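Contents: one structure, followed by commentary.
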Amino acid sequence: MTLTIDELVKRVGAWLGGEGPYADIVISSRIRLARNLDGFPFLSKSSDSDRSQVYRVLMESIAELELGEDTLVVDIEDADELDRQVLVERHLISRQHAEGEGTRGVAIANNEQCALMINEEDHLRIQGMRSGLQLACLFEEVNRIDNEIGQRVRYAFDRRWGYLTACPTNVGTGIRVSVMLHLPALKLTGQIEQMFRAAKEMHLAVRGLYGEGTDAVGDFFQVSNQTTLGQTEKDIVEEFASEIIPRIVKFELTAREMLEKDRSALLDDKIWRAWGTLENARTMSSDETLFLLSHLRMGVNMGRCKDIDLTRLNQLFLRSQPAHLQKLEGRRLDGEQRSVARARYLRSILDSHN
Amino acid sequence: MSLCQRCNKAQATVHLLDIIPESDEKRERHLCEQCAAEEGLTTQKHESINEILSSLIKQSSGAPQKQDLTCSQCGMTFREFRANGLLGCPNDYLAFEKALMPLIERAHNGGDRHVGKVPQGVGGEPPRYSKLAQLRRDLREAVDAEDYERAATIRDDIQDLEADDG
């Protein structure tokens with residue numbers, strides 16, 4: 001194995017590349033499929049031996065797939081707490097997976113654009129990530145991996161209910177399409193509630209940065225489907241790619257145009273205040289960092305701030321998070337120490353670009 | 001209560017109505033189980049129909065009993081599922097089907113049937129749970145249609161499949 005978590009920390013995953021269609025508003029696209037093995041209970045009724053068997057069977061199947069040389073397999077049960085947290089911050093595993101119990105793991109491949117979680121809520125969760133709005137090719141990849149694993153194991157499936165999942169909200173296709181959006185102008189113009197309402201009417205879920213159960217901080221929102229039964233995978237993906245997301249993007253763009261036209265002083269004030277604070281502060285919390293980086297990102301994407309590019313900005317998002325900071329500092333830090341380290345890190349990057 | 005028309009000893013429990021095609025004449029026959037079986041008219045496992053009925057009555061009974069539904073494979077009760085939101089095994093979808101259906105439809109905006117991808121399965125064989133699920137559904141339909149002979153055959157197939165798994 002060539003890759004380690006320590007090396008992961010030093011780079012930015014491809015899905016945070018800041019590229020792809022609508023990359024100024026769509027941070028990333030992700031698709032996950034929930035699968036369970038036939039003949040085994042779901043995890044809530046699994047014995048330790050069931051869990052280990054599922055883990056072994058799936059890891060063996062995954063090892064047979066040609067996922068590429070940079071594949072990283074992590075036994076989450078054995079992993080260090082900080083390493084688990086790094087994976088959460090990189091969106092490679094869920095919080096639930098990090099904090100869970102028992103035999104479980106993840107296989108990360110394709111420059112962090114693919115993550116296969118074993119024994120999370122379901123036996124297997126196949127996840128693909130891409131920068132920008134790239135759902136069609138993403139679905140193709142996830143579907144291919146699913147087919148390849150499906151040739152090696154027998155999935156729990158029923159002709160009426162489809163793929164059987166531990167939670168009935170995922171039953172059927174087991175697919176969750178989620179798109180991470182940056183919507184600062186909708187927030188500033190007070191129109192974000194309208195977007196929430198529209199999303200609710202379309203049976204979509206809107207969540208915070210880290211998915212389920214997290215708050216939206218710094219104008220970042222994850223929009224995802226809730227219906228997995230009665231619609232084909234293709235229809236769900238297609239609706240996101242050609243209707244839902246373009247519509248939200250247009251809404252945000254219109255709000256940005258309005259700000260530029262009518263309230264450019266306010267807009268620039270937000271952007272440069274953010275810059276000034278990030279460049280000068282001596283302590284900085286995670287939430288404040290997200291909030292300020294959000295405004296800075298808006299400035300970069302609207303062409304009003306040319307002193308930093310999107311790649312560098314994404315790096316700041318990633319590495320100012322608690323576990324990344326501690327990894328980069330090479331030691332454990334308490335909350336206050338982290339705030340100091342975070343401010344120092346942000347200053348170091350922003351200064352060198354002045 | 002009548003006696004078997006064939007042996008005149010046992011109680012007739014199998015009642016047949018033959019329609020003779022040429023004459024349209026109807027002929028009623030009342031036989032005991034053994035004689036009926038000897039004439040190849042019924043399957044041996046007559047008693048299983050009672051089992052089928054009682055298990056169906058249990059499953060289809062109203063709301064108060066819903067909580068007590070129990071999956072024979074993983075032991076999860078519907079009450080347990082309601083408490084933590086997660087099912088215990090794939091068979092729960094069948095064991096709790098009636099109780100789950102309204103929840104599922106609500107969660108999926110009215111969707112009540114999978115129309116997406118179907119797995120190839122290992123060696124092209126359909127997954128066992130799907131076979132079991134289909135059989136259980138066929139069984140319910142057969143009983144609803146009062147086609148007890150078919151129901152008994154399906155019941156046997158289910159038992160065979162479950163025995164394979166044991």
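Below, read A as the first sequence line, B as the second, and so on, with proteins coming before strands; counting in each chain starts at 1. Everything quoted here is computed from the prediction, not taken from an experiment.
- Here B:Leu87 contributes atom CG and A:Leu164 contributes atom CG; the two are 9.0 Å apart, rounded to the nearest 0.5 Å.
- The two residues B:Gly85 and A:Cys167 make their nearest non-hydrogen contact at O-SG, 3.8 Å.
- Other residues, nucleotides and ligands contribute at most 12 non-hydrogen atoms within 6.0 Å of the CD atom of A:Glu81.
- In this structure, chain A has a heavy atom under 4.5 Å from the side chain of B:Ile104, while its backbone stays farther away.
- Between atom CG of residue B:Asp92 and atom NZ of residue A:Lys45 there is a gap of 8.5 Å, rounded to the nearest 0.5 Å.
- Using the six-membered ring where Trp is involved, B:His114 and A:Tyr163 have ring planes that are perpendicular, over 60° apart on the 30 and 60° scheme.
- Residues satisfying the side-chain contact (heavy atoms from CB on, under 4.5 Å) test with B:Thr77, not counting sequence neighbours, are B:Thr70, B:Arg79, B:Glu80.
- For residues 137-148 of chain A, a heavy-atom distance under 4.5 Å to chain B picks out A:Asn143, A:Asp146, A:Asn147, given by residue number.
- In terms of heavy-atom pairs under 4.5 Å with chain B, the best-connected choice from A:Thr227, A:Ile236, A:Asn225 is A:Thr227.
- In this structure, A:Asp78 places its CG atom where more than 12 heavy-atom neighbours from other residues, nucleotides or ligands lie under 6.0 Å away.
- Interface summary for chain A: among B:Gly110, B:Ala107, B:Gly88, the most heavy-atom pairs under 4.5 angstrom belong to B:Gly88.
- Contact count against chain B (heavy-atom pairs under 4.5 Å) is highest for A:Pro168 among A:Ser44, A:Gly230, A:Gly172, A:Pro168.
- With chain B as partner, the option from A:Lys234, A:Arg35, A:Arg160 having the largest number of non-hydrogen pairs under 4.5 angstrom is A:Arg160.
- Closest of all the heavy-atom pairs between B:Lys117 and A:Phe157 is O-CE1, 3.6 Å.
- Considering CG of A:Leu43 and SG of B:Cys89, their distance stands at 12.0 Å, rounded to 0.5 Å.
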Using the side chain to side chain contact (heavy atoms under 4.5 Å, CB included) rule, take A:Val171 and B:Tyr93 through it: C-alpha gap first, then chi angles, then the decisive distance, then the call.
CA-CA 10 Å; A:Val171 79; B:Tyr93 281 94; 3.5 Å; yes
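- With sequence neighbours left out, the side chain to side chain donor-acceptor pair (under 3.5 Å) criterion links A:Gln127 to A:Arg30.
- By the ring pair (Phe, Tyr, Trp, His ring centres under 6.0 Å) test, B:His108 pairs with no residue at all, sequence neighbours left out.
- Looking at A:Thr165, both its backbone and its side chain come within 4.5 Å of chain B, counting heavy atoms on both sides.
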